[in-house]
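Here is the structure we will look at.
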Amino acid sequence: MSIALSEQEIIRRESLQQLRALGINPYPAEEFKVTAQAQDITDNFEAHPDTYKNVTIAGRIMNRRIMGSASFAELQDSTGRIQIYLKRDDICPDEDKTLYNTVFKKLLDIGDYVGVKGYVFLTQTGEISVHVQELTILAKSLKPLPVVKRDEEGNIHDGFTDPETRYRQRYVDLTVNPEFKQIFIKRSKVISAMRNYFNKQGWLEVETPILQPVHGGAAARPFATHHNTLDMPLFLRIANELYLKRLIVAGFDGVYEFGKMFRNEGMDRTHNPEFTAMEIYVAYKDYIWMMEMVENCLEEVTRAVHGIAAVQVGPNEINFAGPYTRLSMYDSILKYTGIDVSAMDEAGLRETCANLKIEVDASMGKGKLIDEIFSAKVEANLIQPTYITDYPIEMTPLAKKHRTKDGLVERFELFVNGKEIANAYSELNDPIDQRERLEEQLVLAGRGDDEAMAMDDDFLRALEYGMPPTSGLGIGIDRLVMLLTNQSTIQEVLFFPQMRPEKKVKVATADDFINIGVPAEWVQVLNKMGFNTVEELKAANPNKVFNDLGGMRKKLKLEITMPDKELVMGWFE
RNA sequence: GACUCGGUAGCUCAGCCGGUAGAGCAACUGACUCUUAAUCAGUGGGUCGAGAGUUCGAUCCUCUCCCGGGUCACCA
């Protein structure tokens, strides 16, 4: 049983009962046929006024301005808001004015869903409005929505801004702050534009296992679970790379997957425990081909979202039209630190890190040390889309060795606005080399590197059957959407970012109170007095409780019989 | 995980060098037939995040905990 309703919630529940008493179903089952939407009307009414002489629209009441027997209200549907105008004698043509005087003025509230039928007109102040002829209640709202007010300049006066509540109650956030819906609409466009691009090339969208017996393809701590029937541990995937490569082995030329990945690691404004990645693998290609593909694809995606290939991100205008700058890992470090690390051994790299005041630890191998220098000194400088290419072999166990440069692999990462958003290789398809590289990872794991990759024997078996030369790419969709919508936190591009659970107040059920002899109608009074559990009640002074019950009865104007004193004393035995 | 800021009415916030709280919006009662941050008159609404300590007395001071934001660390 829910308790401790606020004053406004109690009033709304009473309104609900009164609607029922009037024979109005506050939650009707019938379809409500809508013939127009707010944005459609505001966009097109003035050009085609005759089209809007009889419209039916539906949405939430978001604001009401009542002036006696006429009222204005704002109705919000999925496309926006439109003002509606109600006149008592128009919606109540007969003697009975209940629908206007009682239902609309008293029993309806901000947040209620209603449908209206009427004609569109221009008010004296020039606002496109719907003159209501019929009013239908579609769903009663029992919790008051925050009321966000906007003035003529668009300034927000009573915002709903607390991030915690916004993320926990996204349904409220998007109702009262509908501008945030644009982020999610753009997110959907990003994904559909990318999917369209791939489909045009004839590549196949696939689905691979989320529950995996071996968590391969990346280096991260997994979420572990257990399958009862098979009585075996399973992991939520940290990557899908090795499964997609199996499908290339199986004979598909191009496969891609949009999917959730799960990593049991820290959370901050760029990390959520589950996130969306897009991975694509195309046979007979290499990473140089992939760079061009990514340029074309991202330009098309950006145009689909913004109409142009450029996007404003914070203070920077970022242009996604290719070609992008290409810079090798070593050259990028040389460019931003003046240090040539290409020929250094592990000891030299450690010394360089020390000189640059970069913290390292003993478990780091050569590749990891180079990555640390890169992260600390180069990354933040890469604002316009930039490919960093040719990584040290130690960092990248799944990429093919560079065709000409010893000790490097054919890999690039795409950096935009100082952040990595894509990662691609000429995929390693030499099964013997692959086995050795994964064995090296096991050695790193032995040194305490908990990011080292796990061995996957079935994947190696697939490679032994033969995988064509292939290029693969992964894109972090959440971060790409952050860029394309100019958001600085991942929570703003996820409908339901992960949160710690809300604290639940310990509350006894009504039956618990009834069991000790409290009359049912008095339970909510006790709750109102602050007694959420029987124990709390028993700890109180019985005489004071008896007196306070009378006080509360008067205060709440309750028409219920006062329990006699003996009964109240009985609750404390 | 560390540091830091915050948690007060449905929402946004103020307040108190310790004497149990205020505003605007929302709500309620009334007035009002073109308003639009509607207006006017009146009214109610709060275990001040939780617990403990100090105190005659804690929303305020101290400690612990919970939840969130920011920064950093971790996270290819």
Side-chain angles (χ1 to χ4, degrees), chain A residues 4-12 14-15 63-74 81 83-90 100 106 109-111 121-127 129 131 142-168 172 176 218-221 238-239 263-271 273 275 359 361 367-368 370-372 374-375 379 388 391 395-398 411 413 420 423 449-453 474 476 488-489 491 499-506 527-532 536 555-557:
Chain A
L5 293 175
S6 71
E7 182 190 33
Q8 296 191 44
E9 289 173 304
I10 292 165
I11 289 167
R12 284 182 179 222
E14 284 167 0
S15 298
N63 195 339
R64 287 193 302 171
R65 295 179 283 276
I66 296 173
M67 296 155 300
S69 59
S71 298
F72 288 95
E74 279 169 39
R81 289 190 187 186
Q83 181 170 267
I84 61 174
Y85 178 61
L86 293 97
K87 242 167 115 171
R88 185 184 56 202
D89 296 342
D90 284 357
Y100 182 81
K106 303 282 182 206
D109 293 290
I110 288 174
F121 74 112
L122 223 49
T123 65
Q124 284 174 14
T125 49
E127 176 151 349
S129 307
H131 190 122
L142 296 182
K143 278 176 123 41
L145 285 171
V147 176
V148 177
K149 299 229 171 190
R150 291 171 175 80
D151 66 19
E152 281 177 5
E153 285 86 44
N155 302 313
I156 292 174
H157 291 271
D158 288 288
F160 176 65
T161 52
D162 176 40
E164 179 171 0
T165 325
R166 283 188 52 232
Y167 300 151
R168 286 193 197 279
V172 175
V176 305
R221 259 190 302 166
I238 56 174
R263 297 190 182 176
N264 203 343
E265 287 166 349
M267 292 163 58
D268 61 27
R269 71 173 197 281
T270 57
H271 296 82
F275 62 98
E359 278 185 42
D361 66 61
K368 186 76 183 150
I370 291 170
D371 188 47
E372 291 291 323
F374 176 82
S375 301
E379 246 184 71
I388 298 297
Y391 284 61
M395 310 166 61
T396 316
L398 301 172
R411 169 186 185 181
E413 289 188 314
E420 178 214 337
N423 181 24
D449 183 350
D450 55 10
E451 294 162 23
M453 220 172 274
S488 57
T489 75
Q491 289 149 309
M499 305 282 275
R500 282 200 169 84
E502 286 177 85
K503 205 173 15 179
K504 285 196 184 112
V505 182
K506 203 173 127 197
N527 287 334
K528 194 79 192 168
M529 286 162 63
F531 298 116
N532 286 332
E536 285 171 22
K555 191 174 173 190
L556 298 173
K557 300 190 180 98

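Every chain is numbered from 1, with letters handed out A, B, ... down the list of sequences.
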Tell whether [X] reaches the base of [N] with its side chain through a donor-acceptor pair below 3.5 angstrom.
X: Thr123(A); N: rU35(B); value: yes
X: Asp162(A); N: rC11(B); value: no
X: Glu7(A); N: rA27(B); value: no
X: Glu127(A); N: rU35(B); value: no

When rounded to the nearest Å, what value does the distance between [atom1] atoms of [N] and [M] take?
N: rA21(B); M: rU64(B); atom1: P; value: 29 Å
N: rC3(B); M: rA73(B); atom1: C1'; value: 11 Å
N: rC13(B); M: rU59(B); atom1: P; value: 23 Å
N: rA26(B); M: rC40(B); atom1: P; value: 12 Å
N: rC48(B); M: rA58(B); atom1: P; value: 12 Å
N: rG10(B); M: rG46(B); atom1: P; value: 8 Å

Base, sugar-phosphate alone, or nothing: which one does [X] contact when heavy atoms must sit under 4.0 Å apart?
X: Arg168(A); value: sugar-phosphate
X: Ser71(A); value: nothing
X: Phe121(A); value: base

Original post:
Of the candidate nucleotides rU35(B), rA26(B), rC72(B), which contains the atom at the shortest distance from the side chain of Arg269(A)?
Top reply: rC72(B)

Original post:
Asp268(A) or Lys87(A): which one's nearest nucleotide on RNA chain B is closer to the 5' end?
Top reply: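 With Asp268(A) and Lys87(A) compared, the 5'-side residue is Lys87(A).
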
[N] pairs with which nucleotide, Watson-Crick or G-U wobble, both distances below 3.5 Å?
N: rA41(B); result: rU29(B)
N: rG70(B); result: rC3(B)
N: rC16(B); result: none

**OP:** Just say parallel, tilted or perpendicular for the rings of His131(A) and Tyr85(A), cut-offs at 30° and 60°.
**Re:** perpendicular

